[in-house]
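Read the structure below first, then the notes.
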Amino acid sequence: MSRIPSFRGLVLAAGAGTRFGGPKALARAADGTPWVVLAVRALTDAGCRDVVVALGASATEARALVPAAAAALVVDGWEDGLSATLRAALPVAAEGADAVVVVPVDTPELSPEAVGRVVAAAGAAPRAALVQAVYRGAPGHPVLIGADHVPHLVAGLAGDRGARPYLVAHGAIEVECADVWSGADHDER
């Protein structure tokens, strides 16, 4: 009997949100729902069995917003940029999973259908997969990183850059998702 692949979600919510005017981990939708709750819900609704939320700025206040369905991880050195958050959080999220589905917290309109498409594109070998959602050809989120890639990706991270250079260099599958949501993140209030 074949084993069912295991997908874990990772919500990146550690930054100070300087352009936004404060930590995005504390942001809420118009109806008052915390963005972190919306991100966790999109990931779990699409089949991620667990979700890790990476926190940094205002971690104490943000931890209170993380739903019980997710685990909060406070990232030391988050001030050093996105690469520091990914270096700390990706290995934790990948532990015991075949692949990690990564989303930033500032995508509150994220569609579970987009997450599902990215997961489905990993196919029968998710541990070796790299998949990125695109919106009219422009790269966006979610991004799926197979567990086999995590050590190599983490080793090459530096500064305030994410996984995109690694994804390009290793031929990530691109999945068009513009028909299910805009792919827009929120950098300003």
Side-chain angles (χ1 to χ4, degrees), residues 8-29 32-44 48 50-97 99-110 115 130 132-133 138-147 149-170 172 183-189:
R8 183 165 293 132
L10 173 58
V11 179
L12 303 176
T18 51
R19 289 177 295 174
F20 186 71
K24 295 176 185 179
L26 303 177
R28 294 177 181 265
T33 305
W35 284 2
V36 70
V37 169
L38 296 172
V40 170
R41 187 180 302 151
L43 289 164
T44 57
C48 291
D50 301 304
V51 177
V52 174
V53 179
L55 301 173
S58 299
T60 301
E61 299 94 307
R63 186 188 298 261
L65 301 178
V66 175
L73 172 68
V74 178
V75 175
D76 291 331
W78 62 267
E79 309 90 344
D80 294 334
L82 178 58
S83 65
T85 300
L86 285 169
R87 277 194 308 272
L90 260 177
V92 171
E95 190 173 319
V100 179
V101 182
V102 182
V103 299
V105 74
D106 65 355
T107 56
E109 295 89 10
L110 173 65
V115 178
L130 290 171
Q132 181 165 34
H141 288 88
V143 171
L144 180 141
I145 300 168
H149 288 279
V150 170
H152 307 290
L153 190 154
V154 167
L157 290 169
D160 200 28
R161 292 178 34 168
R164 181 72 181 152
Y166 185 90
L167 297 172
V168 170
H170 292 85
D185 62 357
H186 296 270
D187 285 331
E188 298 175 0
R189 286 194 195 259

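Screening Val102, Leu110, Thr107, Leu43 for a side-chain contact (heavy atoms from CB on, under 4.5 Å) with Pro142, the sole residue that qualifies is Leu110.
The neighbour count for Glu79 CD, taken as heavy atoms of other residues, nucleotides or ligands under 6.0 Å away, is above 12.
The heavy-atom pair separating Ala57 from Pro23 by the smallest distance is CB-CG, 3.9 Å. For Ala39 against Val103, the heavy-atom pair with the smallest separation is CB-CG2, 4.4 Å. Listed here is the closest heavy atom pair of Val75 and Ala84: CG1-O, 3.9 Å. Among all heavy-atom pairs drawn from Gly162 and Pro165, the shortest one is O-CD, 3.6 Å. Counting all heavy atoms, side chain and backbone alike, Leu55 lies closest to Ala62 at CD2-CB, 3.8 Å. Smallest separation of non-hydrogen atoms from Leu157 and Arg87: O-NH1, 3.2 Å.
Side-chain contact between Leu10 and Val101 is absent, with no heavy-atom pair separated by less than 4.5 Å. Here the side chains of Leu130 and Leu144 are not in contact, with every heavy-atom distance at 4.5 Å or above. Two residues are said to be in side-chain contact when any heavy atoms from C-beta on lie closer than 4.5 Å; Leu65 and Leu26 meet this criterion.
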(message) As a quick check of understanding, evaluate side chain to side chain contact (heavy atoms under 4.5 Å, CB included) for Val53 and Leu73, giving each step before the final call.
(response) CA-CA 6 Å; Val53 179; Leu73 172 68; over 6 Å; no
(request) Evaluate the side chain to side chain contact (heavy atoms under 4.5 Å, CB included) criterion for residues Leu12 and Leu86: first the C-alpha distance (whole Å), next the side-chain angles of each, then the deciding distance (0.1 Å), finally the verdict. (result) CA-CA 8 Å; Leu12 303 176; Leu86 285 169; 4.0 Å; yes
(message) side chain to side chain contact (heavy atoms under 4.5 Å, CB included) for Arg164 and Gln132? Distances and angles first, verdict last.
(response) CA-CA 9 Å; Arg164 181 72 181 152; Gln132 181 165 34; 2.5 Å; yes
(request) Under the side chain to side chain contact (heavy atoms under 4.5 Å, CB included) rule, what do Leu82 and Arg161 come out as? Steps first, then yes or no, please. (result) CA-CA 6 Å; Leu82 178 58; Arg161 292 178 34 168; over 6 Å; no
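Rounding to the nearest 0.5 Å places CZ of Arg28 at 12.0 Å from CH2 of Trp35. Atom CZ of Arg8 sits about 14.0 Å away from atom CD1 of Ile145, to the nearest 0.5 Å. Here the NE2 atom belonging to His141 is positioned 8.5 Å from the CG atom belonging to Asp106, to the nearest 0.5 angstrom. Rounded to the nearest 0.5 angstrom, Leu153 CG and Ser83 OG are separated by 10.5 Å. Once rounded to the nearest 0.5 Å, the distance linking CG of Leu38 with CD of Glu109 reads 8.5 Å.
You'll find the ring centres of Phe20 and His186 outside the 6.0 Å limit.
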